[in-house]
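Presented below is the structure to which this report refers.
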Amino acid sequence: MKTFIFDLDGVLVFTDKFHYQAWKKMADRLGIYFDEEINNRLRGVSRMESLEIILEKSTKKYSDEEKNDLAEEKNNYYRELLKSMTPEDVEPAVRRTLAELRGRGHKLAIGSSSKNTKFILRQTALMDEFDAISDGTNIIKSKPDPEVFLKAAFFVGDRPENCIVVEDAYAGIDAAKAGGMLAAGIGDAEHYEKTDYPLKKFEDILQIPNV
Ligand code: BG6
Ligand code: MG
């Protein structure tokens, strides 16, 4: 029996476009250049670290208070967009795979940097699928630090060596390895050299040896 720890954004649901639209709206208002390529650098990165990356293109210096306001502005735009999410935003193959893993006796947890994790899980009716949720609200250091995954393992009461992390971001694979866990990579992370199990599609999790 293993514990599977799933990243949320880019693995179970696809919120990239909403993050992009929300950051873009804020950046446009401030007259700061922002594009999809910069957005790709924000994957797996915390909200405040994401803001710092966006502000690299700004000539103006922002105080900590102004930065907090900007992060909140973006999050308000983002949450408005998240309201449009429904259970249909989760692919049937994802639900089937989670149910099959549970049926095989594995434990399932979430390990996400997002402070909106529970909101997204409720919108998409995924909340009851997991034994534990470790997210941006219970960590101090974000990925590539392993804290979010180590907390997930602690919440389900399993050892890190018995956990398999499913991730789409390089920072997430680095975090899993730093925590002494195995890492399955999907999307961008499929071809990352540190990935133990490359996944072409989500249901390939079921083909991992001894799963
Ligand atoms: C991660 C996303 O899951 O959560 C990042 O990949 C995002 O792009 C981070 O910045 C923090 O999200 P939130 O919802 O707390 O602003
Ligand atoms: Mg991700």
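Atoms within a ligand are numbered from 1 in the order they appear, just like the ligands themselves.
Of all N/O/S atoms in Asp7, OD2 sits nearest the Mg ion (ligand 2). No other N/O/S atom of Asp168 lies as close to the Mg ion (ligand 2) as OD1 does. Nearest N, O or S atom of Asp9 to the Mg ion (ligand 2): atom O.
Aromatic ring centres of Phe202 and Phe6: separated by under 6.0 Å. Aromatic rings from Tyr78 and Phe18 are positioned such that their centres are separated by 6.0 Å or more.
Within 4.0 Å of ligand 1, heavy atoms belong to protein residues Asp9, His19, Leu42, Arg43, Gly44, Val45, Ser46, Arg47, Ser50, Tyr78, Ser112, Ser113, Ser114, Lys115, Asn116.
Paired with Lys74 under the rule side-chain contact (heavy atoms from CB on, under 4.5 Å), one option of Lys24, His19, Lys25, Arg79 passes, and it is His19.
Nearest heavy atoms, Asp196 versus Lys177: OD2-NZ, 2.7 Å.
Residues satisfying the ring pair (Phe, Tyr, Trp, His ring centres under 6.0 Å) test with Phe130, not counting sequence neighbours, are none.
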Exercise for review: Give the C-alpha distance, both sets of side-chain angles, the deciding distance and a yes or no for side chain to side chain donor-acceptor pair (under 3.5 Å) between Tyr192 and Asp174.
Suggested key: CA-CA 10 Å; Tyr192 185 34; Asp174 287 343; 2.6 Å; yes
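Residues Arg29 and Glu73 are in side-chain contact: their nearest non-hydrogen atoms beyond the backbone lie under 4.5 Å apart.
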